[in-house]
Amino acid sequence: MLDLKIIRENPDKVQQLLDRRGVGKYDLQPILDLDQKQREIETNRSQLSARSNEIGKLIGQKIRGGSDPKGEEISALKEEGNELKTKLGELEPQEKELKAQIENLLLELPNLPQESTPIGKNEEENVEIHRWGEEYLPSNPNILPHWEIGEKLGILEFSRAVKVAQARFVNLVGAGAALERALINFMLDRQIAAGYVEVMPPLLINTESLTGTGQLPKFAEESFKCQDDDLWLTPTAEVPVVNLYRNEVIEAAKLPIYHCAYTPCFRREAGSYGKDTRGLIRLHQFSKVELVKLVHPDRSETEHQSLLKNAEAILQALQLPYRVIELCTGDIGFSAAKTYDIEVWIPSANTYREISSCSNTFDFQARRAGIRFKEAGKKGTQFVHALNGSGLAVGRTMAAILENYQQTDGRVKVPEVLQPYLKKEII
RNA sequence: GGAGAGGUGGCCGAGUGGUCGAAGGCGCAGCACUGGAAAUGCUGUAACGGGGUAACUCGUUCGAGGGUUCGAAUCCCUCCCUCUCCGCCA
């Protein structure tokens with residue numbers, strides 16, 4: 001959520017930054033109008049409240065001082081109090097309604113792109129930052145797509161998963177299931193060693209949590225919702241993990257907070273019909289190890305860089321070629337001010353595909369979720385900066401391994417760092 | 001799901017109709033003492049919103065939302081959550 005005060009004080013600047021996401025997509029004027037009305041009413045209402053409070057105190061004092069509670073003096077004050085109450089009874093609901101309208105509009109506004117986020121209309125204008133591991137590009141010219149080799153090896157079952165659930169689900173068998181577990185453990189072990197504290201949050205999460213991180217109210221169609229409860233299947237661990245601290249005031253000395261979490265993630269993938277219909281790239285359920293940081297605002301850019309490095313380290317250890325791109329203003333997510341995507345080489349597609357997204361949301365999520373910190377001796381509180389990144393998407397990592405490590409005999413070599421986990425050198 | 005008890009400031013905890021934004025403690029900050037520190041003493045210390053350059057000032061907030069009253073942390077209603085006991089269950 002954007003700071004209403006900043007919108008009010010710099011409407012042109014805010015509008016200009018929002019326009020970088022797409023001209024004409026967001027209009028601040030309705031918010032400014034409602035805000036002005038709201039403040040007029042607030043000024044008026046608080047004056048009446050002040051008098052009303054004064055009367056209340058006065059009556060108490062007079063009665064204690066020996067005035068007749070049924071006498072004329074007290075009755076006159078009560079009368080005035082009642083008149084004020086009638087007026088307040090009209091103003092209060094108006095003010096409340098205006099505040100709710102402003103809140104609703106603010107919740108629908110995306111984050112402001114960071115100044116340094118490259119300006120662009122869509123993904124075509126993202127900027128490549130660097131590539132890594134071209135020496136590991138596979139030389140085998142006859143690589144089968146991962147879903148074919150997976151089914152051949154009997155470790156991926158798509159049609160049986162469809163029978164149990166529906167399209168875009170997979171069943172992992174034998175070494176497939178073991179590889180998934182190995183990847184999860186390997187990723188967690190590495191990130192724990194890098195300083196992240198592992199958490200296993202609830203996978204069913206409430207509406208307030210999804211609102212706190214920005215998935216709601218705008219993107220309700222992206223998540224699975226339980227019919228009889230106010231609970232949704234988590235689309236990413238970012239949501240439960242960031243919301244662990246919702247409405248908390250953290251001591252500054254406790255920052256930064258680093259968490260890693262393995263969770264299954266559930267996404268409806270509405271609107272992506274026809275894209276990546278085969279394989280592990282786009283499923284309704286997938287595993288992911290997520291990194292979350294809550295940090296002091298002064299450190300957030302440094303922390304963003306190191307978060308990216310932590311995600312990259314996994315691919316380097318697995319010796320999978322990848323590139324890092326910086327998303328342009330037209331492609332960054334709703335809550336993000338700046339995002340780096342890591343894309344891994346997928347030989348069958350002859351291209352790099354997203355395997356991690358590392359975003360700095362600045363105070364956008366913290367303001368929505370009420371995550372603040374207090375510095376000793378300083379008055380008031382500040383919002384933390386919340387950052388998140390995948391470290392990494394497990395299914396896509398498996399896809400990359402099944403292809404990049406595919407041997408000419410149709411078997412798949414196990415990456416060296418995974419061998420201790422899998423207790424196997426080849427699948 | 002049934003019965004009972006509870007939810008108060010960064011934390012703990014007192015407070016059953018007015019002088020309560022709320023005692024006391026912890027924590028934190030400043031000062032004194034000290035070579036320095038600890039201990040001790042004194043002082044200060046809620047958040048959010050409006051107005052004001054500022055000093056400051058007005059309002060809101062005691063789980064959430066309604067209600068009673070001139071006046072609610074305190075009384076009433078609904079909901080959420082926590083704890084104890086019972087039931088069910090991996």
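In what follows, chains carry the letters A, B, and so on, assigned in the order in which the sequence lines appear, proteins first and then strands, with residues in each chain numbered from 1. Below, each value reflects all heavy atoms present in this structure, side chains not excepted, and no hydrogens, waters or symmetry copies.
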(request) Ignoring the backbone of A:T381, work out which of B:rU60, B:rC70, B:rA47 is nearest its side chain. (result) B:rA47
(message) Expressed as a whole number of angstroms, how long is the span from A:N247:CG to B:rC80:C1'?
(response) 14 Å
(request) Round to the nearest Å and state the distance from A:R45 atom CZ to B:rU61 atom P. (result) 9 Å
(request) Measure centre to centre between the rings of A:H385 and A:F362, then say whether the value is under 6.0 Å. (result) yes
(request) Using atom NZ of A:K78 as one end and atom C1' of B:rU68 as the other, report the distance to the nearest whole Å. (result) 13 Å
Just the table, please: protein N/O against nucleotides 75-77 of chain B N/O, every pair under 3.5 Å.
none

(request) Mind calculating the distance between CD (A:E97) and P (B:rG65) to the nearest angstrom? (result) 16 Å
(message) Test your reading of the model: is there a side-chain donor-acceptor pair from A:R21 to the backbone of A:G333, 3.5 Å cut-off?
(response) yes
(request) Round to a whole Å and report the spacing from CG of A:L91 to C1' of B:rU60. (result) 15 Å
(message) Atom NZ of residue position A:K225 - does it have more than 12 heavy atoms of other residues, nucleotides or ligands inside 6.0 Å?
(response) yes
(message) Only pairs with both distances under 3.5 Å count, Watson-Crick or wobble alike; so what is the partner of B:rA14 in this structure?
(response) none
(request) Kindly say if A:N53 contacts the phosphate of B:rG59, meaning a side-chain N or O under 4.0 Å from OP1 or OP2. (result) yes
Considering only nitrogen or oxygen atoms on both sides, find all protein atoms under 3.5 Å from nucleotides 16-23 of chain B and state each distance.
{"residue": "B:rG18", "atom": "O2'", "partner": "A:R64", "partner atom": "NH2", "Å": "3.2"}
{"residue": "B:rG18", "atom": "N2", "partner": "A:G56", "partner atom": "O", "Å": "2.6"}

(request) Identify whether the distance between the nearest side-chain nitrogen and carboxylate oxygen of A:K85 and A:E92 falls below 4.0 Å. (result) no
(request) Decide whether A:N388 and A:S359 meet the rule of one side-chain donor and one side-chain acceptor closer than 3.5 Å. (result) no
(request) Nearest whole angstrom, please: distance from the P of B:rG10 to the CG of A:L255. (result) 16 Å
(message) With a cut-off of less than 4.0 Å, is there a side-chain N or O of A:T43 near OP1 or OP2 of B:rC58?
(response) no
(message) Pairing check on B:rU61: which nucleotide meets the Watson-Crick or G-U wobble criteria with it, both distances under 3.5 Å?
(response) B:rA46
(message) Given 3.5 Å as the limit, does a donor-acceptor pair link the side chain of A:R268 with the main chain of A:F224, or not?
(response) no
(message) Tell me which nucleotide, if any, is Watson-Crick or G-U wobble paired with B:rC85 when both distances must be under 3.5 Å.
(response) B:rG2
(message) Base, sugar-phosphate or nothing for A:E42? Non-hydrogen atoms, less than 4.0 Å.
(response) base
(request) Measure from the side-chain heavy atoms of A:K96 and tell me the nearest of B:rG51, B:rG66, B:rG10. (result) B:rG66
(message) Tell me the interatomic distance from A:E79, atom CD, to B:rC70, atom C1', rounded to whole angstroms.
(response) 10 Å
(message) Can you confirm whether A:L4 sits close enough to A:I31 that some side-chain heavy atom of one is under 4.5 Å from a side-chain heavy atom of the other?
(response) yes
(message) With a cut-off of less than 4.0 Å, is there a side-chain N or O of A:K374 near OP1 or OP2 of B:rG27?
(response) no
(request) Return the value, rounded to whole Å, for the distance between atom CD of A:Q382 and atom C1' of B:rC48. (result) 15 Å
(request) Assess whether atom CD of A:Q16 is packed by more than 12 heavy atoms of other residues, nucleotides or ligands within 6.0 Å. (result) yes
(message) It should be established whether A:R8 places a side-chain nitrogen or oxygen under 4.0 Å from OP1 or OP2 of nucleotide B:rG50.
(response) yes
(request) Hunt down the Watson-Crick or G-U wobble partner of B:rU19, both distances under 3.5 Å, from any strand shown, or write none. (result) none
(message) Please verify the inter-ring angle class for A:H259 with A:Y245; under 30° counts as parallel, over 60° as perpendicular, anything in between as tilted.
(response) parallel
(request) From the options B:rG49, B:rC58, B:rU60, select the nucleotide whose nearest atom is closest to the side chain of A:A50. (result) B:rC58
(message) My understanding is that only one of A:E301, A:E326, A:K338 makes a side chain to side chain donor-acceptor pair (under 3.5 Å) with A:S116; could you say which?
(response) A:K338
